[in-house]
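Quick caveat: nothing in here was measured; it's all calculated off a predicted structure.
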Amino acid sequence: MDTKIQKFNEILQSLLLHLHGKEKALRLSLITFFSQGHLLIEDLPGLGKTTLAVSIANAFGLKFGRIQCTNDLLPSDITGVSIYNKNTDSFEFHPGPIFNNIVLVDEINRATSKTQSALLEAMQERQITVEGVTYKLEQPFFVIATQNPVEHHGTFPLPKSQVDRFMMQINIGYPDKDSEKRIIKEVMGSESAALTERLIDKDEVVSIQKSIRDNVYISDNVLAYILDVVKATRSCKYLLTGLSTRGALAITETARTNAFFSGRDFLIPEDVKEMAEFTIPHRVIFKDEYESYDKKEIIRSIVKEVPVPV
């Protein structure tokens with residue numbers, strides 16, 4: 001386990017050399033990836049979302065695909081399509097970009113509801129069915145979707161029931177002055193912004209994911225604490241609806257990965273607190289009068305009210 005933790009820290013530090021000032025976003029992305037979930041990034045264009053996705057794919061030696069969403073994007077543009085081959089007198093399936101290990105879905109809210117639904121179903125089932133034939137997707141499989149929080153004209157907002165498919169929602173944010181200075185210098189020097197070297201291979205990735213799943217212990221007390229947090233969201237005065245069971249699983253899995261990469265093989269309440277503001281806000285519905293409030297701050301206040309087990 002110590003070797004795997006050391007490897008994670010080496011990966012994080014190497015990626016940070018190419019993603020200046022984005023340590024928090026990068027760490028959360030890696031936690032989502034090793035928790036076998038999917039990530040939604042809501043932020044302005046030009047802050048490094050593509051660089052982050054490409055760098056993670058390169059670091060793990062995984063196949064990378066990108067989907068630029070538009071309102072005329074069809075489900076078959078994502079899943080693939082069968083094309084007639086006159087030489088063999090048969091139809092041959094041509095897989096779409098979803099058949100990659102890491103898939104960047106840019107501006108997901110510009111795709112129509114039908115296309116979004118096809119994508120989100122693939123994320124959930126980790127397989128697709130085309131013309132009656134079911135195809136398993138690549139493993140590991142990690143979707144990073146982005147949406148612009150400012151431009152809403154001509155978009156199709158993700159329904160709450162679909163947003164729930166993302167294990168975590170994060171923002172990248174602006175870099176600090178020194179980090180931005182380094183980014184500009186690197187671009188002017190024609191250096192690639194993204195990490196291009198492989199740090200571990202696919203088998204090691206799967207091994208780390210398995211270690212987290214098999215070796216990080218959750219006591220009954222901490223599990224009860226997680227369920228108390230879930231219950232608190234369901235009776236909170238700020239919220240119309242609280243967390244689903246899938247939300248409870250997301251908190252548990254990300255907290256477990258956070259514990260692993262903090263050097264522990266057991267969960268503590270602080271792991272849950274640390275993950276709550278990134279796994280809860282996009283899953284719950286706030287009452288209209290609180291929509292303009294800082295949602296992460298509201299979630300922090302809810303979690304703070306839940307007694308911590310001794």
Side-chain angles (χ1 to χ4, degrees), residues 8 11-12 22 24-43 49 52-53 56-57 60 62 67 98 100-106 108-109 116-117 119-127 137-147 158-172 205-206 208-214 216 218 222-223 226-227 229-230 233 241-262 267 271-285 295-296 299-300 303:
F8 172 82
I11 294 166
L12 185 61
K22 298 181 173 65
K24 186 72 174 178
L26 187 52
R27 184 179 174 84
L28 292 169
S29 302
L30 292 177
I31 286 174
T32 309
F33 173 73
F34 282 107
S35 300
Q36 302 183 55
H38 304 289
L39 181 69
L40 179 61
I41 303 177
E42 187 171 274
D43 223 323
K49 297 187 289 291
L52 185 145
I56 291 176
F60 301 148
L62 300 173
I67 301 167
I98 198 74
N100 284 288
N101 297 111
I102 295 182
V103 182
L104 174 65
V105 184
D106 234 349
I108 189 172
N109 54 340
Q116 288 174 4
S117 180
L119 173 68
L120 294 164
E121 185 179 353
M123 288 164 50
Q124 178 67 23
E125 304 295 333
R126 295 178 186 266
Q127 65 182 28
L137 297 178
E138 298 268 355
Q139 296 300 325
F141 177 57
F142 182 43
V143 171
I144 301 176
T146 74
Q147 57 181 5
L158 289 169
K160 274 291 178 185
S161 59
Q162 304 282 31
V163 177
D164 196 37
R165 307 292 176 94
F166 290 96
M167 184 171 273
M168 201 180 282
Q169 179 179 334
I170 67 169
N171 309 103
I172 288 187
V205 168
V206 174
I208 292 174
Q209 289 177 329
K210 187 173 186 306
S211 278
I212 295 168
R213 192 172 59 246
D214 294 345
V216 180
I218 307 176
V222 174
L223 184 55
I226 292 172
L227 294 175
V229 170
V230 172
T233 66
T241 63
L243 275 173
S244 64
T245 303
R246 184 155 52 205
L249 282 168
I251 295 176
T252 306
E253 293 303 322
T254 54
R256 198 150 69 154
T257 305
N258 191 56
F260 182 87
F261 291 130
S262 298
L267 215 64
D271 293 316
V272 179
K273 290 180 182 178
E274 198 172 331
M275 294 296 106
E277 64 185 273
F278 306 105
T279 51
I280 296 178
H282 65 290
R283 290 190 156 85
V284 296
I285 299 177
K295 293 176 180 172
K296 288 184 178 179
I299 297 302
R300 282 194 289 268
V303 175

Report summary line: Output for pair (I56 CD1, T32 OG1), nearest 0.5 Å, gives 9.0 Å
Report task. Check the side chains of T257 and S35 for a donor-acceptor pair under 3.5 angstrom, ignoring hydrogens and angles. Result -> yes
Report summary line: Closest heavy-atom pair, N171 versus E42, reported as atoms and distance to 0.1 Å, is ND2-O, 2.6 Å
Query raised in the report: Under 3.5 Å, is there a donor-acceptor pair between the S244 and D164 side chains?
Result: yes
Query raised in the report: Nearest 0.5 Å, what's the CG-CD1 distance between L104 and I144?
Result: 6.5 Å
Requested in this report: Could you tell me whether a side-chain N or O of R126 sits under 3.5 Å from a main-chain N or O of F141, the two making a donor and an acceptor?
Outcome: yes
Query raised in the report: Side chains of F60 and I208: closer than 4.5 Å at any heavy-atom pair?
Result: no
Query raised in the report: Taking the six-membered ring for Trp, are F260 and F34 ring centroids under 6.0 Å apart?
Result: no
Query raised in the report: Do you know which two heavy atoms are closest between F166 and H282, and how far apart they sit?
Result: O-NE2, 2.9 Å
Requested in this report: Identify, with sequence neighbours excluded, every residue that meets salt bridge (charged side-chain N to carboxylate O under 4.0 Å, His left out) alongside K22.
Outcome: none
Query raised in the report: Considering all heavy atoms of both residues, which atom of A276 and which atom of P281 are nearest to each other, and what is their separation?
Result: O-CD, 3.6 Å
Query raised in the report: Quick one: does R246's side chain have a donor or acceptor within less than 3.5 Å of a partner on M167's backbone?
Result: no
Report task. Drop me the distance from L243's CG to I299's CD1, to the nearest 0.5 angstrom. Result -> 7.5 Å
Report task. Not counting sequence neighbours, which residues clear side-chain contact (heavy atoms from CB on, under 4.5 Å) with A248? List them please. Result -> V230
Requested in this report: Can you see which heavy atom on L40 is nearest to which on V163, and at what distance?
Outcome: CD2-CG1, 4.3 Å
Query raised in the report: Should the pair H38 and F142 be assigned to parallel (<30°), tilted (30 to 60°) or perpendicular (>60°) ring geometry?
Result: parallel
Query raised in the report: Which distance, rounded to the nearest 0.5 Å, do you find between the CD of E277 and the CE of M168?
Result: 10.0 Å
Query raised in the report: Rounded to the nearest 0.5 Å, how far apart are CZ of F8 and CZ of R27?
Result: 5.0 Å
Query raised in the report: So, for A259 and D271, which heavy atoms are closest and what is the spacing to 0.1 Å?
Result: CB-OD2, 3.4 Å
